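Notes follow once the structure below has been shown.
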Number of protein chains: 4
Amino acid sequence: MGGMGGTDGTKQRRRGNTRQRIQDVALELFAEQGYEKTSLREIAERLDVTKAALYYHFKTKEEIIVSLFEDLTKPIEELIAWGREQPNTLETKRELLRRYGVALTEAEPLFRFMQENQATVRDLSIGMMFKNRMKGMREIVIDPDADLVDQVRCISALFTMHAGMFVFQELAGDPEDKREAVLEVAIDLITQAHGGARKSS
Amino acid sequence: MGGMGGTDGTKQRRRGNTRQRIQDVALELFAEQGYEKTSLREIAERLDVTKAALYYHFKTKEEIIVSLFEDLTKPIEELIAWGREQPNTLETKRELLRRYGVALTEAEPLFRFMQENQATVRDLSIGMMFKNRMKGMREIVIDPDADLVDQVRCISALFTMHAGMFVFQELAGDPEDKREAVLEVAIDLITQAHGGARKSS
Amino acid sequence: MGGMGGTDGTKQRRRGNTRQRIQDVALELFAEQGYEKTSLREIAERLDVTKAALYYHFKTKEEIIVSLFEDLTKPIEELIAWGREQPNTLETKRELLRRYGVALTEAEPLFRFMQENQATVRDLSIGMMFKNRMKGMREIVIDPDADLVDQVRCISALFTMHAGMFVFQELAGDPEDKREAVLEVAIDLITQAHGGARKSS
Amino acid sequence: MGGMGGTDGTKQRRRGNTRQRIQDVALELFAEQGYEKTSLREIAERLDVTKAALYYHFKTKEEIIVSLFEDLTKPIEELIAWGREQPNTLETKRELLRRYGVALTEAEPLFRFMQENQATVRDLSIGMMFKNRMKGMREIVIDPDADLVDQVRCISALFTMHAGMFVFQELAGDPEDKREAVLEVAIDLITQAHGGARKSS
DNA sequence: CATGAATGAGCTTTCATTCAT
DNA sequence: TATGAATGAAAGCTCATTCAT
């Protein structure tokens, strides 16, 4: 322990990482308590800086969540771009879901936040961006000529992954196993939607 | 000049139904804007009464949402009670989902609210109640000895219904058709979980 | 001595006059320190109420000054209406100035405030109203066909009255005498503008 | 690539004139929006420097306006000094007003600012200086033994010039003509105050 | 059954200013 | 000469809640 000060109560400061630290703490609190119930005072206190310091790094409270969204959902954006370029096959869709699972896991707190604060997110500027991302995923996964039930299956697949990541946490079992199970169900759903037989379980 | 007033521009007193009207307006606003972003002032203004009047009918803001929850989820509570008494068969589960769909539809704004404000709901007193209801549903639908993937299928079925009710609203198509499609996918999922073959689409 | 309490430190309250008291104190402070340098905290403290109480009576800080303006400038509005209906004679204009002097004197603190905070007033909503009032006065007093110098004389007359009311306060002499002198100079100016000979002094 | 930089998009350093540029921008903004509504952030942004840079050149915000006042009102100070040395004749006063008009015109934005922000100016340190300058002008122009009306005429003359410069801008007409008209009215006023006949218009 | 008036705590945001580098 | 990072104080405003009437 030691090295970079702070062990003696001295305020360690001016280590260009404040912006990052704000994002980290903010995400933690947003995910835990929700966006509106997290006040800037709270964030500032936890970082041992003043509220005004936050405003040096972000113009508004909203900008904090926007920056988090932009930073953390880049992989998903890239995934959608990748998906659009692939041939429209079942295997593409399966791979998409696999990668989606990884992306969701990596930015888990953000996605849990989005899940649990949809009403809030909706009228923040990230609402639109999020909606567009979801639309992008749907467009890759759904065949618009398929019958309605199969379309629902595809959306259900996305949902299963989405919600699954977080809800299943509460249940017992090895997280890795659960993640795989969720993925399998999701893949199964799009496979069925594609007219394929489902894997015998 | 008789009847129930209001013909002359006088403030129409709708007798004893103020409590009801508060609930109606509150639910509408909660569903539309979220719980914290809906202020009592707003509710009061829309009803053309004062904030203080709300406090005659409800001790706190939270009591309003609690009363809504209690009133509107009674059917679900009863459904769970019903489910527990039935033999633990696939057909029971199918029927449970069918009835669940009806119940969700009938209290749609409340459930949309719950969906979109999970973070908020979580630390309101209804959080626990809601969680317990969900647990009740799961216990009926899931076979604890089944393999993990099948358990996930069951939860996914519940989720599909849950989210489906609201998300699919945005998509084109006859609402009734969509509701049926969602139900079919959900039933299909628990059927598979039960080891059965899926309905050929 | 007493009657209405408050002499013993008891908070005297709920005497429907709070709104009025807010206006009084606010005007006093606005006139003394300017609009932006007067904070709502200051007003509230001087009234021994909380800031929130102010917001019960006025929706915004701006609404306070607007209400003052509307209440206190009604006489001027009426004066302009009166002026428009009179025959366009020199005597009308003279009488207008006489009455204007009275009106200005009666709402003196407001007009001093307007004089000394023009930049502020300009981008409050009262800016427009004030401008329009001034335009109204000009239209009655100025003959648009007169030569430029005479037009300036008329505006100068208005200005003299306006500023005179407040600037001359600083100078020695009986206030009543000064007011009369100002009025005389103003009347003299529009008389000259009318082509008349000036009163021998 | 020579000269003073800036040809390649690099931040152009205009050598030692930053102080001057701060003054220019500050005056522009102060005149446009008022002193308190103009923040240092705004000034800095418009100059594309940081707020801290302003503090290298000026110790406080107030120092900026003080420096502007001192720099720009030197001609008026000199004018007063000149006036005091002249014989106390009508012609002196006329000439004083003529020169005053020129001085006001040359530092127009500053004087408009002073006019429109009297409340602010009053409790800045320039308040006193300004008051003293005005007193100086009055002492030259007013004959303390004249009757009150004539004294008012003199002050009115000063006011007419002062306010006239800015208010008349809004009105139609050639600026130069208006300036002359204003000057003529002002001179007329002091002429009358001196007991002289007014110029037939 | 409801209102009028008020409060206390809190919020997001802005500002002038400081100082080590 | 200037910047990057931060602060302390205060601002305007909103909210859930209370209570005498």
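Chain A is the first sequence line, chain B the second, and so forth, proteins listed ahead of strands; every chain is numbered from 1. Bear in mind that the values here come from a model prediction, so they are computed numbers and not experimental data.
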**Q.** Test side-chain hydrogen bond (donor to acceptor under 3.5 Å, both in side chains) applied to D:Gln23 - qualifying residues, sequence neighbours left out
**A.**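 Testing D:Gln23 for side-chain hydrogen bond (donor to acceptor under 3.5 Å, both in side chains), a comparison that skips the adjacent residues, returns D:Ser67, D:Asp71.
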
Tell me the interatomic distance from [X], atom [atom1], to [N], atom [atom2], rounded to whole angstroms.
| X | N | atom1 | atom2 | answer |
| --- | --- | --- | --- | --- |
| D:Leu54 | E:dC19 | CG | P | 17 Å |
| A:Lys51 | E:dT12 | NZ | C1' | 8 Å |
| B:Leu40 | E:dT3 | CG | P | 14 Å |
| C:Glu36 | E:dT14 | CD | P | 16 Å |
| C:Ile22 | E:dA6 | CD1 | P | 7 Å |
| B:Leu47 | E:dC1 | CG | C1' | 14 Å |

I want to check one thing: is the phosphate of [N], taken as OP1 and OP2, less than 4.0 Å away from some side-chain N or O of [X]?
| X | N | result |
| --- | --- | --- |
| A:Ser39 | E:dC11 | yes |
| B:Thr18 | E:dC1 | no |
| A:Tyr55 | E:dT13 | yes |
| A:Arg41 | E:dT12 | no |

(Q) Which residues pass the ring-ring contact (aromatic ring centres under 6.0 Å, His included) test with B:Phe113, not counting sequence neighbours? (A)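 Testing B:Phe113 for ring-ring contact (aromatic ring centres under 6.0 Å, His included), a comparison that skips the adjacent residues, returns B:Phe30.
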
Q: Mind jotting down which residue pairs meet the side-chain hydrogen bond (donor to acceptor under 3.5 Å, both in side chains) criterion with at least one end in residues 121-133 of chain B? Sequence neighbours excluded, please.
A: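 Listed once each, the pairs are A:Lys37-B:Asp123, A:Glu116-B:Arg122, B:Glu62-B:Ser125, B:Thr73-B:Arg133.
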
Q: Please name all residues satisfying salt bridge (charged side-chain N to carboxylate O under 4.0 Å, His left out) with A:Glu32, sequence neighbours left out, ordered by chain then number.
A: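 Scan of A:Glu32 (salt bridge (charged side-chain N to carboxylate O under 4.0 Å, His left out), adjacent residues dropped) gives none.
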
Q. Can you list the residues that meet the salt bridge (charged side-chain N to carboxylate O under 4.0 Å, His left out) rule with D:Glu70, with sequence neighbours excluded?
A.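 None.
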
(Q) Tell me which residues in residues 56-63 of chain C lie within less than 4.0 Å of DNA chain E, going by non-hydrogen atoms. (A)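 Correct list: C:Tyr56, C:His57.
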
(Q) I want to confirm an ordering. Mapping C:Thr50 and D:Tyr35 to their closest nucleotides on DNA chain E, which one lands closer to the 5' end? (A)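 The residue mapped nearer the 5' terminus is C:Thr50.
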
Q. Taking only Watson-Crick and G-U wobble pairs with both distances under 3.5 Å, what dot-bracket line describes DNA chain F, where [ ] shows pairs that cross earlier ones and | shows pairs with another strand?
A. .||||||||||||||||||||

Q. Between OG1 of D:Thr38 and CD of D:Glu28, what distance do you get to the nearest 0.5 Å?
A.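 With rounding to 0.5 Å, OG1 (D:Thr38) is 10.0 Å from CD (D:Glu28).
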
Q: List in chain and number order the residues that pass side chain to side chain contact (heavy atoms under 4.5 Å, CB included) with C:Lys74, two or more places apart in sequence or in another chain; answer none if no residue qualifies.
A: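 If we apply the side chain to side chain contact (heavy atoms under 4.5 Å, CB included) test to C:Lys74, skipping adjacent residues, the hits are C:Glu77, C:Glu78.
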
Q. Who passes side chain to side chain contact (heavy atoms under 4.5 Å, CB included) against B:Ala52, sequence neighbours left out?
A.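 B:Ala52: side chain to side chain contact (heavy atoms under 4.5 Å, CB included) contacts with B:Thr50.
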
